[in-house]
Each structure stands twice: as structure tokens, then as C-alpha cells.
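Here's the structure we're looking at; comments come further down.
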2 protein chains.
Amino acid sequence: MDTHVTQGQASAATARLVEPPTVLDEGKLCHPAREEIELAAVLHALSDPMRLRIVAGLAVEDKRTCGSFDLPVTKSTCTHHFRVLREAGVIRQRHEGTTRLNSLRREDLDKRFPGLLDSVLTAAEA
Amino acid sequence: MDTHVTQGQASAATARLVEPPTVLDEGKLCHPAREEIELAAVLHALSDPMRLRIVAGLAVEDKRTCGSFDLPVTKSTCTHHFRVLREAGVIRQRHEGTTRLNSLRREDLDKRFPGLLDSVLTAAEA
DNA sequence: AGTGTAGTACGACAACCATCGAACATGTTG
DNA sequence: CAACATGTTCGATGGTTGTCGTACTACACT
């Protein structure tokens, strides 16, 4: 569990305090590389109703903040679920001001496990 | 958790000790009906490497006995995994003499969650 | 009847997991 | 700076899970 994701800061530093974010860091949040995404981990991440809701929500509208889901759990539990999804490689999280922007790793998942995400999303509508 | 599966013994009792098996009971082993199969349960059942191996094995050759997989776990653990798969609706188990025959519930799964099983099976080959 | 084979049932145990609350970090804004 | 908003970290807790071993059931074969 290490490798990659160490670029992006230096080159973006030029236009820093002029622009708001748009490219911001993603630092500290560690995501698995595409080839490192494991099937069992993805299936486990998706096997929780709460997380399934999150993923279904992101499928409808990407780049949503954690709070925008208003799930029936506390903030800390929420953090937990987003981390599970992130570490499994299902979503990507970026810092953006005081919030986190979450997005589905559609392309990575489709390349690695073709058809899986779509079938789960279709199945989740029931 | 109840419903269905209460027939089969009485009517089959007529030709009992004449024939070997071929149609045998399935009694006691409770399987969910197709409409009762839940996505989260299926994903959870598939999120274990050992169970993934079982399912992949059944995809190659159906109707295999529990012992034919020689998994690196004891018999009781084995029983446990097969039960999880059965109760989630992923496999069907039938008594047959001294063994249990396991088969994938392909049709049920395909009808209920189209494409899911196939994408998982494809993904599992890595 | 006796031995063997295939699997289940039950109890135990350690690891994991979803959940919470309280305290903290960080960025935004009055 | 102070107040606020959005999340994270940490410890605790109760429930679930994967694993095992031992004991048990059920069928088959000699």
C-alpha cells in the first residue's frame, strides 16, 4: 500500500492564491491505483446499504460533498463509510476548501472490472 | 424469513426405497425465493475470497459436491461458506445420497440483477 | 452390524465492523 | 479574532464474521 500519486502540487503552485481551487491537492487521502483495486474489496465496500446509497447518489450526480447525502448516521460514521469506499477504489475524494468532493471512479472501475459498476447500479434501483 | 419450501416429501415417499435419488428433496436447506434475493446480501456473500473461489469453480462446472473444491479450510468452515452463499441466494444445494450438490442460481440471479454475476465472474479471473 | 465417507451442529475465540460521542483540525466569513 | 461549518481522529461498544475442533447425523458398502 504505497506507490504513485505524488505529482500535481509543484506544477500547480504557480497560480496558487490567485485561483480558488479547481485542481486542488487530494493530499493525504490515499487512493489505490487502478491496477491495485481488488475485487473482494470493491464487493465488500458495496455490500453495505449505506454505502450503496452513497454510490447510487454519486452515479446520479457526481462531485458531491459528504454532507449532501444526509444519511441517517452521525458525521463520524459518515467519514468511515467514505473512507471504506475510497480505500477500496470505488470513489475519489479531493479537498476543496472546507469540504471534500466525492466522485465515482467510473473509468477506473470500468477498465478493471468491465460491467460491474453498471450492473450494481442497475440492481440498486429496487 | 419463512415462506415456501414445504412440499416434496409426502409425494415423493411413494417411490422411495426403490429409486436411488435423481430428484431428491432439498428439504431443510432453505433458499430465498428469487424476489427475495437482496443485492447487499449477494455482494457480501461474494466479497470473501474463499466464496469467490467457490462461485468461480461452480461457473466452470456446475453441480459439484462441497468436497470437490478442496479449499484450505476445515469442513466446518466450508459448511459455513456454502451456507452464506445459499442463504444469499447465490447457490442452490440439494441432498444427494451422502453428499450435497451445489449449483449456481444463474437464471435467478440474471433475472434479478442482470449482468451482475457475469461481470463478477469475469472480474474474478485475475 | 461395522466401517467409512460427506457433511452439519454447536460452542469458542479472535478479528473485524458499523455505530456513536467528544475532541480536534481547517477553511470561511462576519 | 471569534464564530461557524465541514470533516477527521480517537476510543468505546455491541454485533457480526471467519476460523477451528469436537461431536453428531445420514447414507453407502462390505
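Excluded from the calculations below are hydrogen atoms, water molecules and symmetry mates; all remaining heavy atoms, backbone and side chain alike, are included. Every chain is numbered from 1, with letters handed out A, B, ... down the list of sequences.
Taking CZ from A:F82 and CG from A:L29, the interatomic distance works out to 12.0 Å, rounded to the nearest 0.5 Å. In this structure, CG in B:L116 is found 4.5 Å from OG in A:S119, a value given to the nearest 0.5 Å. The line from NE2 of B:H31 to CD of B:Q93 is 6.0 Å long, rounded to the nearest 0.5 Å.
Look at NE2 on B:H95: it is 13 Å from P on D:dA28, rounded to the nearest Å. Between the NE2 atom of A:H81 and the C1' atom of C:dC17 there is a distance of 9 Å, rounded to whole Å. Per the geometry, CG belonging to B:D48 stands 11 Å off C1' belonging to D:dT19, to the nearest Å. When the P atom of D:dT8 is taken as reference, atom CG of A:L85 falls 12 Å away, rounded to whole Å. In this entry the distance linking NE2 of A:H44 with C1' of D:dT16 reads 11 Å, nearest Å. Atom CD in B:E87 sits about 10 Å away from atom P in D:dT17, given to the nearest Å. Atoms CG (A:L52) and C1' (C:dA18) sit 16 Å apart, rounded to a whole Å.
With salt bridges taken as basic N to acidic carboxylate O contacts below 4.0 Å, one links A:D108 and A:R92.
Of the possible donor and acceptor atoms, none in the side chain of A:R34 sits under 3.5 Å from a partner among the backbone N and O of A:K111. No donor-acceptor pair under 3.5 Å is formed between the side chain of B:R64 and the backbone N or O of B:N102. A side-chain donor-acceptor contact under 3.5 Å links A:D62 to the backbone of A:L104.
Each end of the helix from C:dA1-D:dT30 to C:dG30-D:dC1 gets its own axis, taken as the rotation carrying the C1' atoms of four end pairs onto the next four within a five-pair window, and the two axes meet at 20° to the nearest 10 degrees.
Applying the 4.0 Å criterion to OP1 and OP2 of D:dG21, one finds that B:T74 has every side-chain N and O outside that range.
Within 6.0 Å of CD in A:E38 there are 12 or fewer heavy atoms belonging to other residues, nucleotides or ligands.
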| task | If a protein heavy atom is under 4.0 Å from the base, mark B; if only from the sugar-phosphate, S; if neither, -; do that for nucleotides 3-10 of chain C going 5' to 3'. | result | --BSBBB-
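Checked by atom type, the side-chain pair B:T77/B:T74 shows a donor-acceptor distance below 3.5 Å.
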